[in-house]
Amino acid sequence: MATSATYSDNVRTARPKAGTSRGSILAKSKTGGGYHELFAASPQARIAMIRQGVPAIEAKRLVQALGVEQKVFYQALGLKTATVNRKITQSEQLASDESERLLGVARLIGQVEAIVAESGDPKGFDAPEWLSRWLREPLPALGGTPPMALLDTMEGQAMVAEALARIQSGAYA
């Protein structure tokens, strides 16, 4: 099924707040900004973004927000560093499977932002920084596997999201 909506339209659908950077769904936010809106966006809006392809520059923005080494992050997502860098240089979109994995990680940040917002005052909390540390630690609920090792598949990302949800509920994660 084809869609006439553009990436920018979907970004605006996913990020309606004033003051957010237009065209970037992965802009760093410490106040429940872009990531939270992506997390809360309708599945249809996210599917449209995935099908259209996320601009490759968004991968670099996410690396910067998380404060991780580019090669390590891209490897965790099953992306080739040289390919992503070439697509950035040529202002190209990521393929739909690459876009889906990238948006999945951004959505995890949004999930953390939502958890913190629901649990108390998110002021000053850096969700990307917290998630970056948490993703690298072995997690008993995942059989001692660091969550970052599961980011290359959507099933793995779902397991990571479920582990985050268990943290919010107070269940052993």
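In this chain, numbering begins with 1 at the start of the sequence shown. Source: prediction; values computed, not measured.
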Set of salt bridge (charged side-chain N to carboxylate O under 4.0 Å, His left out) partners for R86, sequence neighbours left out:
E92
Could you pull out all residues at least two apart from K87 that satisfy salt bridge (charged side-chain N to carboxylate O under 4.0 Å, His left out)?
E98
Measuring from atom [atom1] of [X] to atom [atom2] of [Y], what distance do you get when rounded to the nearest 0.5 angstrom?
X	Y	atom1	atom2	value
D126	S132	CG	OG	9.5 Å
N85	K60	CG	NZ	7.0 Å
S99	E58	OG	CD	10.0 Å

Tell me, please, which residues at least two apart from [X] pass side-chain contact (heavy atoms from CB on, under 4.5 Å).
X	result
R46	L38, A41, P43, M49, R107
I50	S96, E100, L103
E118	A114, Q168

Please list every donor-acceptor pair under 3.5 Å in which a side-chain atom of residues 146-165 meets a protein atom from a residue at least two apart or in another chain.
from	atom 1	to	atom 2	distance (Å)
T153	OG1	G156	N	2.9
Q157	NE2	R101	O	3.0
Q157	NE2	L151	O	2.9

Whether the side chain of [X] engages the backbone of [Y] through a donor-acceptor N/O pair (distance < 3.5 Å, no angle test) should be reported.
X	Y	result
S119	I115	yes
Q93	V54	no
R61	I57	no

Begin with the C-alpha distance, continue with both residues' side-chain angles, and end with the deciding distance and a verdict on side-chain contact (heavy atoms from CB on, under 4.5 Å) for T83 and Y74.
CA-CA 10 Å; T83 302; Y74 292 167; over 6 Å; no
Contact between Y35 and F39 at the side-chain level, heavy atoms closer than 4.5 Å - yes or no?
no
Taking C-beta and beyond as the side chain, do T145 and L139 meet within less than 4.5 Å on heavy atoms?
no
Between the side chains of E129 and R133, is the shortest nitrogen-to-carboxylate-oxygen separation below 4.0 Å, so that they form an ion pair?
yes
Do you know which two heavy atoms are closest between G144 and P138, and how far apart they sit?
O-CB, 3.2 Å
Identify the heavy atoms of A59 and V84 that sit nearest to each other, and give their distance.
CB-CG1, 3.9 Å
Identify each donor-acceptor pair in which a side-chain atom of residues 65-73 lies under 3.5 Å from a protein atom, sequence neighbours left out, and give them as a table.
none

Count I, L, V, M, F, W, Y as connected when their side-chain heavy atoms are under 4.5 Å apart, and connections chain through other members. Are L108 and F125 then in the same cluster?
yes
